[in-house]
Structure formats: structure tokens, C-alpha cells
2 protein chains.
Amino acid sequence: MSPAGNGKPKRDTYRHGDLRNALIEAALELARQGGPEAVVLRAATRQAGVVPNAAYRHFADRDALLHAVSQAAMAQVARTMEAEQAAVPPTENPAAAARARFRAVGTGYLRYAREEPGLFRAAFHVPGDMTHAADDTAAGATGKTPFELLGEALDGLVDAGLLAADRRPGAEFLAWSAVHGLAILLIDGPLRGLPSTQAHDAVQHVIDMIERGI
Amino acid sequence: MSPAGNGKPKRDTYRHGDLRNALIEAALELARQGGPEAVVLRAATRQAGVVPNAAYRHFADRDALLHAVSQAAMAQVARTMEAEQAAVPPTENPAAAARARFRAVGTGYLRYAREEPGLFRAAFHVPGDMTHAADDTAAGATGKTPFELLGEALDGLVDAGLLAADRRPGAEFLAWSAVHGLAILLIDGPLRGLPSTQAHDAVQHVIDMIERGI
DNA sequence: CGGCCTAAGTGGATGCTGTCCACATTGGAG
DNA sequence: CTCCAATGTGGACAGCATCCACTTAGGCCG
């Protein structure tokens, strides 16, 4: 207790051993509560029990760390989507199955947005670029990114005859727009704080609109 | 040239005279290029030719200034919508007119987002609250906020028989979700930098989806 | 017409941030 | 066993929001 009264994670070796991951872990926690702007380099290093400058051995700057957080959060989005799809009760009807898998993509996306708003905002907070939504590091358990999962679900709709093939091109952007917009209304916007049941209804209505309008 | 080599706007009177508006004006310019995070108090006061602390006589803190910027930008969104509606060629057919007025709401919203991405992001950047989208200060020339303009356009669809009355409740959130989501994909997301013609197509497709799916 | 009250602007300080530089340590390759 | 390069440290700097005490002067009251 002589050195200082900082956090907890002390360290006796000069080397940390796994600083990069420790920083990402700490940054994820910061983003979880407080969103991307709460990811502050010095706080992460403090948590890791290391001097601020040590971070620069593993990340070019704050944005690089934030980018790693974004990728990790994106992967969690993918996993939530996959979990939602896995929870779909099995059906004989292939059309119903395709439809359920498609809807699960949207509900998973929006469930994550509501359960982890800070991380969700961090996932899509990209200083000047969010194209990396297709990087491998953003993939879930099945190795697919949220964007890829959406694309596959749409292909499934076409295969099942629920979506005309000529409507397929660009359909991901229509669906993504609607779902992402609702996510923002729900976590930052006028729909923030909506009771869970009503939020769930809103989610279903938006996905209904997409199915009808796509 | 003895005192300092700061910006340009000098001042010989001790009183500034209109500091509050000068700060908002400067902050708007900062947000125009760089979005909400570029709105920095000291920069605004510098531009106004005043010491940083002077801002605190007019705004509680940085967030209060940012809020004023948000309101002003929101009013510009409303004005763009109104302009878009005014540009609709007159028609005999009331249904066509209602439809055109509705679509103008969406195209105006998205035109502003693409023309002034920084201000658009500032308009909807609300630290923990974006409910104030209905404040009077966010109104356009007709005294209506973007949200009110959307509601009226939807009412027009119902009156024209283009939208079933039982679908009307909550419809603003469906439309808003889709349009706002596309705005973000276009200015921050994977659709960023899309050539103007293709962006215009995407806008039309999303509004098509809304009309069909609402 | 003159004095004073108070709103508006100033000056200086504090603690936070990201980032740069030079230096210390040490694990592992040769 | 030695030395190197990767990793962590210490100190510094500029910029930021914000706080406090002080100064200035515009306009109201007598």
C-alpha cells in the first residue's frame, strides 16, 4: 500500500504480459457505460495498472483503440444476431423459416442496441469511416459480420420466394437504414426509455414495414 | 498590433453587445465543418474576440452552447423540408399532392443531411436527450418543427386515402427510422461518398419502401 | 445630472486530456 | 553470455472545460 492508492490491478513484473488485450477490455467497459466518448486512453491504462504512454506501444493513438473497441462490439452484435436466429423454433415450412431468420437479424440488432447502448454506439462510431463493418474482426461465432448475416437472410427470402429477385440488389441498405434508424431513436432519440414491451412492438412494426416495403 | 495576433474580429468596447449570438454563429461554423465534437468553447470565444470565460455569462456550459447549435440546425432542417415542399409542382390531383408533400419531407431531410453533414450530426447529437426535437426554437419558417412537418404530411396521406387511418398512429416513427437510418449510412456509413445520382436513387428507394410498408 | 448596482468581460488557476521525447528495463535470440 | 529490440516509465507540453475573484461600464434611481 506504499506506492499509491490507485485502482486494484497491481503488477510486480516490469512487463505486463498482455497489455493490448487488457486495454481493449478496459476500453470496452468504459464504452459500455458512457459510449465511445467515454473511452479515454488514460483511464484504460490506469485500469490496466500501467502508465498512459504504455498504450502507444500497442495503439497508434486513441482512435486506434476506439477502432478495436468498435470491432469487438460489432462482433457482439453479430453474436446477438446469431443467438436470435438460433432461438427460432424449428419449422417444416421453409418460407416461414427464411422469414424468421430474416426477422431475427433485425431483432438481434435492436436487442443489442437496447441492451448495450454504449457499446452499440461505440460499434458504429467511426471517425470518418464505418466501412470496416465487413472486417473479419467484426465477425461473430460463425465468422460472419452483421452485414453478411443480413445479406444471407435476404438471400434466404429470395430463395423462399418471399422476395422478388429484382428487388434483392441493394435491399440490405433499405433494411439496415430502417433498423439502424430505429435503434437510434430508441437509445438516443424520442423513443428512449420506452417500456420494454412497447419497444418490442416498435421493433416488430419496423420489421413489418421492411418486409412489406422492401 | 501590440496586444496580440489573434483572429480578426477586434473590439474596442468593453461590452461585446451581442455575444450570445456571436457565439452561436461561431459554434455553427465549427459544427458545419467537423460536427458536434468540433464545437469547442474556447474556439468560439476566440472567434468572437472574447476571453473563454465570457461564454459562461450566456451559456451554463459547453453542452448548453451545443444545444443552441442543435436547435438552430434543426430549424434549418425544417426550412429545407419546407423548401422541398414548396418546390413540388402544383397538381390537380389531391392524392398526388399529398404524396408529393410526404415525399418532400423525406427528401428535404436527406438533402440537408448530405449538404450539411456536420450540422446535421450536430442537430441530432444530444447528450442523453433528443426529445427537444419539438421545441419552438427548432422550427422553420412556417413555425413548424421537422417532426411536426412529418406528422402533417402523414395526416395528408390519410386524408387523401393513401394511408389507412389505423396505420396512422406511430407512423412517424417508422418513417423517421428509415429516413434517419439512411442519412447516417450516407454521411458516416458505408454509403458515404456515394455519387450524388446514386445517393438520390437510394433516397427514392427508401421512401418507396416507407410508402409501401408504412 | 450624478452615483451606484449589477450584468458582462477579464485574469489566473486547477485538473483533466492526448501526445511527444528521452530514458530504463528485461526477455529472448545469437 | 551478451546484446538488441520490444515494452514500460517519467517528465513535459499544449489544449480543453470549468471555477473563483476581480474589473469595467451601462443604465436605472434619486
**Asked** With sequence neighbours excluded, what pairs up with R99(B) under the side chain to side chain donor-acceptor pair (under 3.5 Å) test?
**Response** E211(B)
**Sub-6.0 Å ring centroid separation between F173(A) and H180(A)** = no
**Prompt:** Could you state the CG-C1' distance from D63(A) to dT19(C), rounded to the nearest angstrom?
**Reply:** 13 Å
**Fill in**
Within residues 32-42 of chain B, those residues having any heavy atom closer than 4.0 Å to DNA chain D are V40(B), L41(B), R42(B)
**Request:** Hey, which sits more toward the 5' end of DNA chain D by its nearest nucleotide, Y56(B) or T13(B)?
**Result:** Y56(B)
**Complete:** Whole-Å distance, F59(A) CZ to dT19(C) P, equals 13 Å
**Request:** Could you tell me whether the side chain of N53(A) has a donor or acceptor atom within less than 3.5 Å of a complementary atom in the base of dG18(C)?
**Result:** no
**Rounded interatomic separation in angstrom, taking CZ from R62(A) and P from dC16(D)** = 15 Å
**Asked** Could you state the interatomic distance from NE2 (H58(B)) to CG (D18(B)), rounded to the nearest 0.5 Å?
**Response** 9.0 Å
**Message:** Any side-chain N or O of H58(A) below 4.0 angstrom from OP1/OP2 of dG8(D)?
**Reply:** yes
**Message:** Using a heavy-atom cut-off of 4.0 Å across all strands, would you classify R57(B) as base, sugar-phosphate, or nothing?
**Reply:** base
**Request:** May I ask you to verify if any side-chain N or O of R46(A) is less than 4.0 angstrom from the OP1 or OP2 atom of dT17(C)?
**Result:** yes
**Complete:** In whole angstroms, the gap separating C1' of dT7(D) from CG of L23(A) amounts to 12 Å
**Fill in**
When rounded to the nearest 0.5 Å, the distance separating NE2 of H205(A) from CD1 of I210(A) is 13.0 Å
**Prompt:** Which residue, A60(A) or A43(A), contacts DNA chain C at a nucleotide closer to its 5' end, judged by nearest heavy atom?
**Reply:** A43(A)
**Residues R79(B), E82(B): salt bridge by 4.0 Å N-O rule** = no
**Request:** Rounded to the nearest angstrom, tell me the gap between atom NE2 in H16(A) and atom P in dG27(C).
**Result:** 15 Å
**Item:** Within the 6.0 Å centroid threshold, strictly below: F147(A) and Y109(A)
**Value:** no
**Request:** To the nearest 0.5 Å, tell me how far L19(A) CG sits from E25(A) CD.
**Result:** 12.5 Å
Distances under 3.5 Å between protein N/O atoms and the N/O atoms of nucleotides 4-7 of chain C, please, pair by pair.
unit_1	atom_1	unit_2	atom_2	d
dA7(C)	N3	R15(B)	NH2	3.2

**Asked** Less than 4.5 Å apart, any side-chain heavy atom of H200(A) and any of T197(A)?
**Response** no
**Item:** Ion pair check, R167(A) and D208(B), cut-off under 4.0 Å
**Value:** no
